[in-house]
Number of protein chains: 2
Amino acid sequence: MFAESLISHFETYLPFEEREKKLIRERISYRKVKRREHLLRTGEICRHYTFVVKGVLRMYGIDGNGKEHNILFASENEWLSDISSFHATQPGESNIQAIEPTEVIQIEQQDLYHLYINIPKLDRIFKVITEEKYVELQNRVFQSISSTAQERYLYFLSKYPSLGSRLPNTQIASYLGITPEFLSMIRKELVAK
Amino acid sequence: MFAESLISHFETYLPFEEREKKLIRERISYRKVKRREHLLRTGEICRHYTFVVKGVLRMYGIDGNGKEHNILFASENEWLSDISSFHATQPGESNIQAIEPTEVIQIEQQDLYHLYINIPKLDRIFKVITEEKYVELQNRVFQSISSTAQERYLYFLSKYPSLGSRLPNTQIASYLGITPEFLSMIRKELVAK
DNA sequence: ATTGACCCATAAACTAGTTTAAGAAATTAA
DNA sequence: TTAATTTCTTAAACTAGTTTATGGGTCAAT
């Protein structure tokens, strides 16, 4: 059953009792997302916390000139949500789209709050998950203010080796904050070495 | 008493009973930090979660060429820690230094864990605090891949209006990922308008 | 009052990354 | 299987941001 991949994800943090697993199973839903299908668009309220079972999602923003910029990717066993839109129940800026055919588990706001109340250790687990994601982002900020595009690309490859081959280079360039043309140049230079 | 500024910070999230406040008071310590004094240096284990009562701290990293880059600032009522070093009890890369004379409240790892166990709502509160900081960082990442230095500077000013006048421009330039010379040029252009 | 450390500004030469354009290669849809 | 679309590469002209150097202003400490 699809719920087991989520429960075993939770159990990498803390053990769960059957009673708790049952509560979780009652409050989650499963969804398939086609390649290029959107889960969220600018101006919509983000209604779900989304857990990737299989595939890859990207979260991106759109700048003043209408250009898309990848904020992050989420692949197997990762969480994704426009957190501020989700908690405030307000329209947000973010977009979420599948890059590959993707399967996800989703929790709605009221269900997640219900679970937080009935399974206090979920507060602990999401605190830890958010801290882990926070550290990742902080490293990325440091990279972005201290490193060249080539260094950022090598860091990305070392951090997400599978994504390096799985994603089109245009998506990676957008994540790195450079043009696809310049990424192409960087790759050429790296091969030359 | 110094503990009250921390407790009233917590109570902006959830109410606390006297029993819980007592537990907190027993587990925190107060410290004055001189201008330019360090709370943490590269290679050290980050032993504390630090709450700024008064003043401004900066967290910075050092790149391969020995140059410092400001990852973030923490001023009144903000938390700061090298989270991964703190939880892993392992040496980290980060540095934390006072920009102004600063007063902080600190919690050591064992004390924080003790509080998490005895006051479960602290898991909830730190989950929310970390989510808030996560959203801030995510916005900053989006800025860094989508905006010019001038736009990033204006965003910084709008987001932290007090810091704009309180900090030397060299510190702001380091945070924005540009040279002080270029920030100087940006400011000149903005004044000209 | 004077030194020294730091902070800010200006300018010229330089470099990293963008833009535009155009063609080749690879995927996807029909 | 072919047409259509997306992806990748190359190259030339351009722009945003760096580097180096120089000088002036400010502030805390003697």
Side-chain angles (χ1 to χ4, degrees), chain A residues 33-38 55-56 58 60 63-70 73 97-102 143-157 163-193, chain B residues 34-38 55-56 58 60 63-70 73 97-101 143-157 163-193:
Chain A
V33 194
K34 289 186 194 145
R35 193 171 121 90
R36 273 171 229 217
E37 188 183 345
H38 277 81
V56 188
R58 68 177 181 126
Y60 65 93
D63 69 21
N65 303 316
K67 284 194 189 150
E68 299 177 0
H69 301 270
N70 287 341
F73 303 115
Q97 186 191 35
I99 295 183
E100 302 175 355
T102 300
Q143 283 270 318
S144 80
I145 60 178
S146 69
S147 303
T148 62
Q150 177 171 335
E151 289 165 336
R152 267 143 49 211
Y153 177 57
L154 289 172
Y155 180 77
F156 169 79
L157 289 183
L163 292 185
S165 48
R166 219 166 148 184
L167 300 177
N169 288 335
T170 45
Q171 296 295 341
I172 297 174
S174 168
Y175 174 93
L176 295 174
I178 60 176
T179 58
E181 292 83 358
F182 192 53
L183 177 55
S184 190
M185 233 193 71
I186 288 172
R187 286 159 58 87
K188 192 179 138 197
E189 272 175 32
L190 288 173
V191 169
K193 284 181 184 169
Chain B
K34 290 188 192 141
R35 192 171 122 92
R36 276 170 227 217
E37 189 183 345
H38 278 80
V56 188
R58 68 178 180 124
Y60 66 93
D63 70 18
N65 303 315
K67 283 194 188 151
E68 299 177 0
H69 302 270
N70 287 340
F73 302 114
Q97 184 190 37
I99 295 183
E100 303 177 353
Q143 283 271 319
S144 78
I145 60 178
S146 70
S147 303
T148 62
Q150 183 178 61
E151 289 165 336
R152 266 143 49 212
Y153 177 58
L154 290 171
Y155 180 77
F156 169 79
L157 288 182
L163 291 185
S165 47
R166 218 167 149 185
L167 299 177
N169 288 337
T170 46
Q171 296 296 341
I172 296 174
S174 168
Y175 174 93
L176 296 173
I178 59 176
T179 58
E181 290 84 355
F182 192 53
L183 178 54
S184 188
M185 234 192 70
I186 288 171
R187 286 159 57 88
K188 192 177 138 196
E189 271 175 32
L190 288 173
V191 169
K193 282 181 184 166

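By convention in this document, chain letters (A, B, ...) are assigned in the order of the sequence lines, proteins followed by strands, and residues within each chain are numbered from 1.
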Taking DNA chain C as the partner, which of residues 176-185 of chain A come within under 4.0 angstrom of it by heavy atom? A:G177, A:I178, A:T179, A:E181, A:F182
Donor-acceptor contact below 3.5 Å, side chain A:R152 vs main chain A:Q143: no
In whole Å, I'd like the distance from the CD1 atom of B:I145 to the P atom of D:dA16. 19 Å
Nearest of C:dA11, D:dC8, D:dT10 to any side-chain atom of A:K188? D:dT10
Atom-to-atom span, CG of A:L190 to P of D:dT9 - whole angstrom: 12 Å
Any donor and acceptor pair, going by atom type alone, linking the side chain of A:T102 with main-chain N or O of A:V56 inside 3.5 Å? yes
Between C:dA16 (P) and B:N65 (CG): distance, integer Å: 12 Å
Gap between atoms CD and C1', on B:E189 and C:dA11 respectively (whole Å): 14 Å
Could you tell me whether the side chain of A:D63 and the main chain of A:N65 form a donor-acceptor pair under 3.5 Å? yes
Could you check B:R36 against B:R187 and say which one's nearest nucleotide on DNA chain C is further toward the 5' end? B:R36
Using a 4.0 Å heavy-atom cut-off, does B:R35 contact any base of the nucleic acid, only the sugar-phosphate backbone, or nothing at all? nothing
With distance as the sole test, does B:E37 use its side chain to make a donor-acceptor pair with the main-chain N or O of B:K34 at under 3.5 Å? yes
Would you kindly give the CZ-to-P distance between B:R166 and C:dC7, to the nearest whole Å? 16 Å
May I ask you to verify if any side-chain N or O of A:N169 is less than 4.0 angstrom from the OP1 or OP2 atom of D:dC8? yes
Hey, does the side chain of B:S174 reach the backbone of B:N70 with a donor-acceptor pair shorter than 3.5 angstrom? yes
Mind calculating the distance between CD1 (B:I186) and P (C:dC8) to the nearest angstrom? 14 Å
Rounded to whole Å, the NE2-P distance (B:H69 to D:dG17) equals 16 Å
Atom-pair distance (CD1 on B:I99; P on C:dC7), nearest Å: 10 Å
Terminal axis angle for the helix from C:dC8-D:dG23 to C:dA30-D:dT1, five pairs an end, nearest 10 degrees: 50°
Polar contact flag, side-chain donor to acceptor under 3.5 angstrom, B:R58-B:Q97: yes
Can a salt bridge be assigned to the pair B:E100 and B:R35 using a cut-off of 4.0 Å between side-chain N and carboxylate O? no
Side-chain donor/acceptor of B:Q171 to backbone N/O of B:P168, under 3.5 Å: no
On the 0 to 90° scale, with breaks at 30° and 60°, tag the A:H38-A:Y60 ring pair as parallel, tilted or perpendicular. perpendicular
